There are 2 protein chains.
Amino acid sequence: MSHDGEPTPRRRRDAGMTREAILRSALTAFTRFGYDGVGVREIAQKAGVTAMLVNRYFGSKEGLFAEVVDVALAPRTVVGDDLSTLSRDAAAALVAKTAPEAESLDPFLLLLRSAANPRAAEILREGTQRHVERHLKSMVTGAHDAERTALFLSVIAGVWLMRKVIGNTALAEADPAVLSRHLEAMFQTLAEPAPDARTAPTAGDG
Amino acid sequence: MSHDGEPTPRRRRDAGMTREAILRSALTAFTRFGYDGVGVREIAQKAGVTAMLVNRYFGSKEGLFAEVVDVALAPRTVVGDDLSTLSRDAAAALVAKTAPEAESLDPFLLLLRSAANPRAAEILREGTQRHVERHLKSMVTGAHDAERTALFLSVIAGVWLMRKVIGNTALAEADPAVLSRHLEAMFQTLAEPAPDARTAPTAGDG
DNA sequence: AAGGCATGTATACAGTCGTAGACATAAGGC
DNA sequence: GCCTTATGTCTACGACTGTATACATGCCTT
């Protein structure tokens, strides 16, 4: 059935280990079903404990989710760390991760499937701004780096949504090379500081 | 709500009108809170009706959602109908609709906030492929038109997500002109048939 | 070995969920 | 006029939710 998530037979009493087990269980559950789509009993059961232990260690379901978001986004290296190949690497990685055969457990899925809940959305906003953007922004430099970074994330999230959450047929069955090419082109327009503003600048309409 | 003389205007018994009232109430509720974030009682109450009438007219909550998706996506004109100005118009419209001050009730919000539920995701996939893509694809022509159309929608959905659902600060507070410029550039890469394929067309179609 | 405390469990509560079945009411045909 | 029937309501059920309180258990220190 499943390799992970089955109720462990027994565990030597260890607060740290138990906490981590709950955290791992919650990470996979929240990523697959979203904040509102999973209950604390389900999370606890797959961690081999009772539901109340979740509240003991994390205060509440919301507290657990906050910590899950934190650990999910903390070690995040969106793509490689070289700006010169950022567009190509990001496009290739995104296409590969969102491939139909690849059943992935990506932070973007956590984001997409939990964003409907207002509190979860707050936590996710805080988390993304605290972790991911700071990392990505170190590569995206130039004018409006924050906006371009956020747009970068937007495109990635959008592809994740349509391809894996909604399951759009055209995207799911698309030739990876074709997708990579278009995504790389779009990422390139974001990597460059400004796409030549011949459009009206801020002051006055041209 | 209304503490007037007549608390409930008590609409004259009309199946069509009642059905439509439920449908409208459901559309706004699902768009604002998502499929799992709203109950049939709440929808019914804002329509001035009992919860059971929802099931009578739509079979179930799922059936109601399916019809909501249908009416939300049916008259959809994503942008203008001119391909030459598609990129610019789409970018401008997207930035305007997702502005922080504009509290909009857009089908993309319905999509984003209900996608976590598997059944809702199915319905949304079917709906988007049936309505929106067919319309957009009539403008996006050339090789891989389906993939490019889907990527188009992905970018739009991603911006909606980050800007209005997550509430990313950089995007929310961004200069509309800056966003429009970058989005227009990205849309342009999708409007053009192919961004110079260095990959050999192994399985040449088209 | 025994007590103490961290660790984990069991039970329960107050609420919401979707919806099934029985009942009430008003509208329209005769 | 009455009677049929579409239209709408009421009640309730079983399942589920998050979590607070009370209880049990095992590990560690003394």
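We name chains A, B, ... by the order of the sequence lines, and we start the count at 1 in each one. This one's a predicted model, so the numbers in the text were calculated from it and none came from an experiment. Keep in mind that the numbers below use all heavy atoms, side chains included, and drop hydrogens, waters and symmetry copies.
In this structure, the side chain of Arg88(A) does not engage the main chain of Glu184(A) through any donor-acceptor pair within 3.5 Å. A donor-acceptor pair under 3.5 Å is formed between the side chain of Ser104(B) and the backbone N or O of Lys97(B).
For Ala51(A), the side-chain atoms get nearest to dT19(D) when compared with the rest of dT9(C), dT9(D), dT19(D). The side chain of Lys61(A) lies closest to dG18(D), out of dC27(D), dG18(D), dG8(D). Nearest nucleotide to the side chain of Arg13(A), out of dT9(D), dA24(D), dG8(D): dA24(D). The side chain of Val49(B) sits closest to dT9(D) out of dG8(D), dT21(D), dT9(D). Comparing atom distances between the Thr50(A) side chain and each of dC27(D), dG18(D), dA10(C) picks out dA10(C) as nearest.
Thr18(B) has a side-chain polar atom (N or O) that falls below the 4.0 Å cut-off from OP1 or OP2 of dG8(D).
Considering only heavy atoms from C-beta on, Leu161(B) comes within 4.5 Å of Leu111(A) through its side chain.
For the segment residues 114-124 of chain B, no residue has any heavy atom less than 4.0 angstrom from an atom of DNA chain D.
Atom C1' of nucleotide dG8(C) and atom CG of Asp14(A) are separated by 13 Å, given to the nearest angstrom. For Phe65(B) and dT19(C), the CZ to C1' distance is 19 Å, given to the nearest whole Å. When the P atom of dC17(C) is taken as reference, atom CG of Asp36(A) falls 11 Å away, rounded to whole Å. If you measure from atom CD of Gln45(A) to atom C1' of dT17(D), you get 16 Å, rounded to the nearest angstrom. Nucleotide dG18(D) holds its P atom 12 Å from the CE atom of Met52(A), rounded to whole Å. In this structure, the CG atom of Asn55(B) is 16 Å from the P atom of dC10(D), given to the nearest Å. What separates CD of Glu42(A) from C1' of dA15(D) is a distance of 15 Å, to the nearest Å. dA24(C) atom C1' lies 14 Å from atom CG of Leu53(B), rounded to whole Å.
Remark: Glu62(B) pairs with Arg119(B) by the salt bridge (charged side-chain N to carboxylate O under 4.0 Å, His left out) rule, at least two apart or across chains. Evaluation of the side chain to side chain contact (heavy atoms under 4.5 Å, CB included) rule for Leu27(B) yields Thr31(B), Val68(B), Ala72(B) as partners, not counting sequence neighbours.
In terms of position along DNA chain D, the nucleotide closest to Arg56(B) lies nearer the 5' end than the nucleotide closest to the other residue of the pair Arg56(B) and Tyr35(A).
Classification of the His182(A)-His144(B) ring pair by plane angle, with boundaries at 30° and 60°, yields perpendicular. Ring geometry for Phe187(A) versus Phe152(A): interplanar angle under 30°, hence parallel rather than tilted (30 to 60°).
Here Tyr57(A) lies in heavy-atom contact (under 4.0 Å) with sugar-phosphate atoms only.
The base of dT16(C) does not come close enough to the side chain of Arg41(B) for any donor and acceptor atom to sit less than 3.5 Å apart.
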